[in-house]
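Every number for a ligand or one of its atoms is a count from 1 in the order of the listing. In this chain, numbering begins with 1 at the start of the sequence shown. Below, all heavy atoms of this structure are taken into account, side chains as well, without hydrogens, waters or symmetry copies.
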Amino acid sequence: MKIGIGSDHAGYDLKEFLKEELKKDGYEVKDYGPEAKKSVDYPDFAEKLARGMQKKEILFGILICGTGIGMSIAANRYGWIRAARACTIQDAILAREHNNANVLALGGRLTANELALQMAKAFLSTPFLKGRHTKRVNRLSRML
Ligand code: RB5
């Protein structure tokens, strides 16, 4: 499965950790940057990943800033993105099951590496439940 990852400076270390761990797990991980831990603006990297998803380079994305809040706000500006900021494994699972989220937003300053990895793995392996959730998610697409 092809996935994308991006961050700002506050999410850089967690980005590098998750990228390597998810590759070990068999995921093809495209890194949308930044390439070094320097001060950058999170909307720029949310946009890079969102455009990659628009071009079908990736199926899912992970965006990391200090809290995950800025990245989720930025990514959700794009109509094809359903970004969920998650703090727990249950958040990550429910974001897939109920919301068919395609981007997981994480807080690099709030989330320990191992918990973030478990959240990412849960997010990437959990299917959308469809059923009663389908019409609600479809409704989101008509809110542009
Ligand atoms: C950067 O200092 C911080 O503001 C940013 O990473 C993020 O948490 C914003 O939502």
Side-chain angles (χ1 to χ4, degrees), residues 1-129 133-134 136-144:
M1 184 195 289
K2 284 189 185 177
I3 67 159
I5 196 163
S7 76
D8 68 357
H9 50 287
Y12 180 82
D13 290 339
L14 183 54
K15 171 172 77 72
E16 294 301 302
F17 173 77
L18 289 179
K19 183 171 72 176
E20 295 315 314
E21 291 301 317
L22 292 171
K23 278 184 190 168
K24 282 185 211 163
D25 223 45
Y27 290 98
E28 196 176 322
V29 186
K30 184 167 169 60
D31 187 347
Y32 289 92
E35 287 175 8
K37 192 176 177 177
K38 55 177 191 231
S39 182
V40 294
D41 299 327
Y42 60 83
D44 294 335
F45 294 89
E47 175 163 31
K48 286 178 198 292
L49 187 142
R51 294 289 174 205
M53 187 169 277
Q54 184 182 31
K55 287 186 268 179
K56 311 260 189 256
E57 292 172 357
I58 53 170
L59 194 57
F60 292 110
I62 299 172
L63 286 170
I64 312 160
C65 59
T67 58
I69 295 172
M71 281 296 196
S72 62
I73 292 171
N76 279 318
R77 303 288 235 170
Y78 300 91
W80 56 92
I81 302 277
R82 289 176 302 281
R85 185 230 183 189
C87 297
T88 65
I89 295 169
Q90 193 174 25
D91 283 342
I93 291 171
L94 287 170
R96 288 289 309 126
E97 286 186 342
H98 287 205
N99 310 110
N100 200 15
N102 52 11
V103 170
L104 178 68
L106 297 173
R109 289 178 176 154
L110 307 178
T111 319
N113 284 1
E114 282 306 323
L115 174 60
L117 180 59
Q118 286 182 49
M119 287 162 64
K121 286 183 179 179
F123 183 83
L124 295 169
S125 62
T126 300
F128 177 42
L129 282 181
H133 305 293
T134 300
R136 298 165 186 164
V137 172
N138 289 345
R139 175 79 178 86
L140 297 175
S141 307
R142 301 195 302 275
M143 297 180 87
L144 301 179

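Between the side chain of Arg85 and the backbone N or O of Gly68 there is no donor-acceptor pair closer than 3.5 Å. The backbone N or O of Asp31 lies less than 3.5 Å from no partner atom in the side chain of Lys15, so there is not a single donor-acceptor pair. Under a 3.5 Å cut-off, the side chain of Asp8 and the backbone N or O of Asp41 do not form any donor-acceptor pair. In this structure, His9 contributes its side chain and Lys37 its backbone to no donor-acceptor pair below 3.5 Å. Counting only distance, with no hydrogens or angles, the side chain of Thr111 and the backbone of Gly108 share no donor-acceptor pair below 3.5 Å. Proximity of a side-chain donor or acceptor of Asn102 to a complementary backbone N or O of Trp80 within less than 3.5 Å is detected.
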Below 3.5 Å only, please: the N or O atoms of ligand 1 paired with protein N or O atoms, distance on each line.
| unit_1 | atom_1 | unit_2 | atom_2 | d |
| --- | --- | --- | --- | --- |
| ligand 1 | 2 (O) | Arg109 | NH1 | 3.2 |
| ligand 1 | 6 (O) | Asp8 | OD2 | 2.5 |
| ligand 1 | 6 (O) | Gly66 | N | 2.7 |
| ligand 1 | 8 (O) | Gly66 | N | 3.1 |
| ligand 1 | 8 (O) | Thr67 | N | 3.1 |
| ligand 1 | 8 (O) | Thr67 | OG1 | 3.4 |
| ligand 1 | 10 (O) | Gly70 | N | 2.9 |

